[in-house]
Amino acid sequence: MKNDKLILWFLIPILIFAIAGAFAMSMTTSLVDEHMYISASVFVAQDQELYKDFAFLQVPY
């Protein structure tokens, strides 16, 4: 019984650390490309062609 509590005291902090690490990793390594949309909309508003004048990396549907 005492060994079960000792195992829990070691596993719970490790589990919390792993979950916090996975959350931090998913929040910092995401592809942030929303600035590309702002630039593309400015070019379109200035009557420039989107794929000729600006390297818009996402193809249209």
Side-chain angles (χ1 to χ4, degrees):
M1 192 70 167
K2 189 174 181 179
N3 287 338
D4 292 338
K5 288 184 180 181
L6 184 64
I7 291 172
L8 280 177
W9 277 105
F10 283 115
L11 286 181
I12 289 175
I14 291 171
L15 182 65
I16 290 172
F17 183 74
I19 290 172
F23 178 75
M25 181 87 103
S26 69
M27 286 294 154
T28 58
T29 60
S30 64
L31 179 64
V32 181
D33 61 351
E34 56 266 353
H35 301 295
M36 183 173 60
Y37 295 113
I38 296 170
S39 303
S41 63
V42 169
F43 279 127
V44 169
Q46 293 174 351
D47 293 327
Q48 295 180 0
E49 291 186 29
L50 188 59
Y51 290 95
K52 252 186 181 175
D53 300 325
F54 180 68
F56 196 65
L57 301 176
Q58 294 180 341
V59 296
Y61 290 112

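These values consider heavy atoms only, across backbone and side chains, with no hydrogens, waters or symmetry-generated copies. Being a predicted model, the structure only gives us computed values, none of them experimental.
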Colleague: How many angstroms lie between atom CD1 of I16 and atom CD1 of I12, to the nearest 0.5 angstrom?
Modeller: 6.5 Å
Colleague: Apart from I7 itself, which Ile, Leu, Val, Met, Phe, Trp or Tyr residues share its cluster (side-chain heavy atoms under 4.5 Å, direct or through members)?
Modeller: L11
Colleague: Test question: given the 4.5 Å side-chain rule for I, L, V, M, F, W and Y, name all other residues clustered with I14, or answer none.
Modeller: none
